[in-house]
Amino acid sequence: MENQIKLGLTGLKPTDLLAKGRLIIANMTGNASFPDPVPSLADLQTALDAFEDRVEAAAFGDRRAINSRNNGQRAFTAMMRQLGQYVAFVANGDGEVIESSGFEVRKQREPATSLGQPIDFLAERSKKEGEVILNWKAVSYSKAYQVEVSTADPAVAEPQWTVALVTSKSSGTVQNLTRGTMYWFRVMAISGDMTSAYSDVALVMAA
């Protein structure tokens with residue numbers, strides 16, 4: 001699995017950004033994996049020193065100094081992002097090479113091995129005749145949902161379930177039902193070859 005770089009620059013305090021810059025400069029200095037950094041480490045160090053001066057000047061609360069610090073932070077962050085792009089290009093998905101620069105590797109989301117059962121499944125009559133509205137809580141990693149319907153009570157009989165609806169949303173509408181008839185619904189989540197257990201059954205009378 002190809003690794004991706006995590007820049008980790010968003011929302012950093014000025015002092016934390018300075019610390020991160022120092023770490024990356026130290027890690028990339030003499031690092032054979034990165035022979036020609038863009039921007040150069042010398043330029044990055046110069047920008048870091050200038051930014052550090054602005055941070056120190058802003059410590060006294062002067063408005064102009066604070067504005068200057070904020071402008072310096074934006075400029076230094078832009079250079080760090082450019083360097084991160086260089087690291088990502090050179091590393092070409094190699095996590096060890098990325099981490100050797102001082103940047104981090106973005107955690108990969110593990111593929112799902114099972115799907116949770118849909119819960120909070122509700123069925124209610126619509127204001128339209130023969131229509132029922134269904135809602136349930138979305139299931140993580142699911143790509144679609146299959147809703148099934150029966151006119152037999154599953155608590156006392158072995159019902160014949162038929163597919164009433166397939167949707168990518170965690171809600172749906174079933175139409176063309178017989179007025180005054182009781183319907184039992186259930187839903188399962190689908191993702192590729194995986195299917196979840198069925199939800200609890202929801203009962204409703206069609207309007």
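When the ring-ring contact (aromatic ring centres under 6.0 Å, His included) test is applied to Tyr198, no partner is found at least two apart in sequence or on another chain. In this view, Arg106 and Gln4, Lys6 satisfy the side chain to side chain contact (heavy atoms under 4.5 Å, CB included) rule, not counting sequence neighbours. Scored by the side chain to side chain contact (heavy atoms under 4.5 Å, CB included) test, Leu203 finds Met182, Trp184 as partners (sequence neighbours excluded). The ring-ring contact (aromatic ring centres under 6.0 Å, His included) search around Phe103 returns none, not counting sequence neighbours. Every residue two or more places apart in sequence or in another chain that forms a side chain to side chain contact (heavy atoms under 4.5 Å, CB included) with Ala138 is listed here: Tyr145, Ser170. Qualifying ring-ring contact (aromatic ring centres under 6.0 Å, His included) partners for Phe51, counting only residues two or more places apart in sequence or in other chains: Phe76.
Contacts classified as side-chain hydrogen bond (donor to acceptor under 3.5 Å, both in side chains) and involving residues 152-164 (residues at least two apart or in different chains) are not found. Applying the side-chain hydrogen bond (donor to acceptor under 3.5 Å, both in side chains) test to every pair with at least one member in residues 120-136, sequence neighbours left out, gives these pairs: Ser126-Glu131, Glu131-Gln175. Pairs passing the salt bridge (Lys or Arg N to Asp or Glu O under 4.0 Å) check and including a residue from residues 55-83, sequence neighbours excluded, do not occur.
Two different hydrophobic clusters hold Val147 and Ile133 under the rule that ILVMFWY side chains link at heavy-atom gaps under 4.5 Å. Clustering ILVMFWY residues whenever any of their side-chain heavy atoms sit less than 4.5 angstrom apart, transitively, puts Met79 in the very cluster that holds Phe89. Residue Val132 is grouped with residue Leu165 when hydrophobic side chains (ILVMFWY) are merged at heavy-atom distances under 4.5 angstrom, including chains of intermediate members. Two different hydrophobic clusters hold Phe185 and Met188 under the rule that ILVMFWY side chains link at heavy-atom gaps under 4.5 Å. Cluster membership for Ile190 and Val139, using ILVMFWY side-chain heavy atoms within less than 4.5 angstrom, is not shared.
Two residues are said to be in side-chain contact when any heavy atoms from C-beta on lie closer than 4.5 Å; Ser196 and Ser142 fail this criterion. Using a 4.5 Å heavy-atom threshold, the side chains of Leu134 and Val187 count as separate.
Once rounded to the nearest 0.5 Å, the distance linking CG of Asn3 with CD of Glu96 reads 9.5 Å. For the atom pair OG of Ser68 and CZ of Arg54, the computed distance is 3.5 Å after rounding to the nearest 0.5 Å. To the nearest 0.5 Å, atom CG of residue Leu44 and atom CZ of residue Arg22 are 11.5 Å apart. Note: Met80 CE to Gln73 CD = 11.0 Å, rounded to the nearest 0.5 Å. Taking CG of Leu48 as the start and CG of Leu41 as the end, the distance is 11.5 Å to the nearest 0.5 Å.
Residues Gly84 and Ile5 approach most closely at O-CD1, 3.6 Å, considering heavy atoms. Considering every non-hydrogen atom in both Pro118 and Ala197, the closest pair reads CD-O, 3.4 Å. Pairing each heavy atom of Leu115 with each of Ser191, the nearest pair is CD1-N, 3.6 Å. Scanning all heavy atoms of the two residues, the minimum distance from Val87 to Ser101 falls at CG1-OG, 3.6 Å.
By the 4.5 Å side-chain criterion applied to Ile, Leu, Val, Met, Phe, Trp and Tyr, Val166 is assigned to a cluster that also includes Val163. Hydrophobic clustering, defined by side-chain heavy atoms of Ile, Leu, Val, Met, Phe, Trp and Tyr closer than 4.5 Å, leaves Val156 isolated from every other such residue.
Asp49 and Thr46 are not linked by any side-chain donor-acceptor pair at a separation below 3.5 angstrom, with hydrogens and angles left out of the test.
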Less than 3.5 Å apart, which donor and acceptor atoms pair up between the side chains of residues 23-36 and the rest of the protein, not counting sequence neighbours?
residue: Thr29; atom: OG1; partner: Ile25; partner atom: O; Å: 2.6
residue: Asn31; atom: OD1; partner: Ser33; partner atom: N; Å: 3.0
residue: Asn31; atom: ND2; partner: Asn27; partner atom: O; Å: 3.4
residue: Asn31; atom: ND2; partner: Ser100; partner atom: O; Å: 3.2
residue: Asn31; atom: ND2; partner: Ser100; partner atom: OG; Å: 3.2

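For Tyr183 (side chain) and Ala202 (main-chain N/O), no donor-acceptor pair under 3.5 Å exists by modelled atom type.
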Decide side-chain hydrogen bond (donor to acceptor under 3.5 Å, both in side chains) for Ser40 and Asp43; before the verdict, give the C-alpha distance in whole Å, the side-chain angles of both, and the deciding distance to 0.1 Å. CA-CA 5 Å; Ser40 70; Asp43 287 345; 3.2 Å; yes
Using side chain to side chain contact (heavy atoms under 4.5 Å, CB included), reason through Leu9 and Lys20 one step at a time and then give a plain yes or no. CA-CA 9 Å; Leu9 301 173; Lys20 190 175 186 71; 3.8 Å; yes
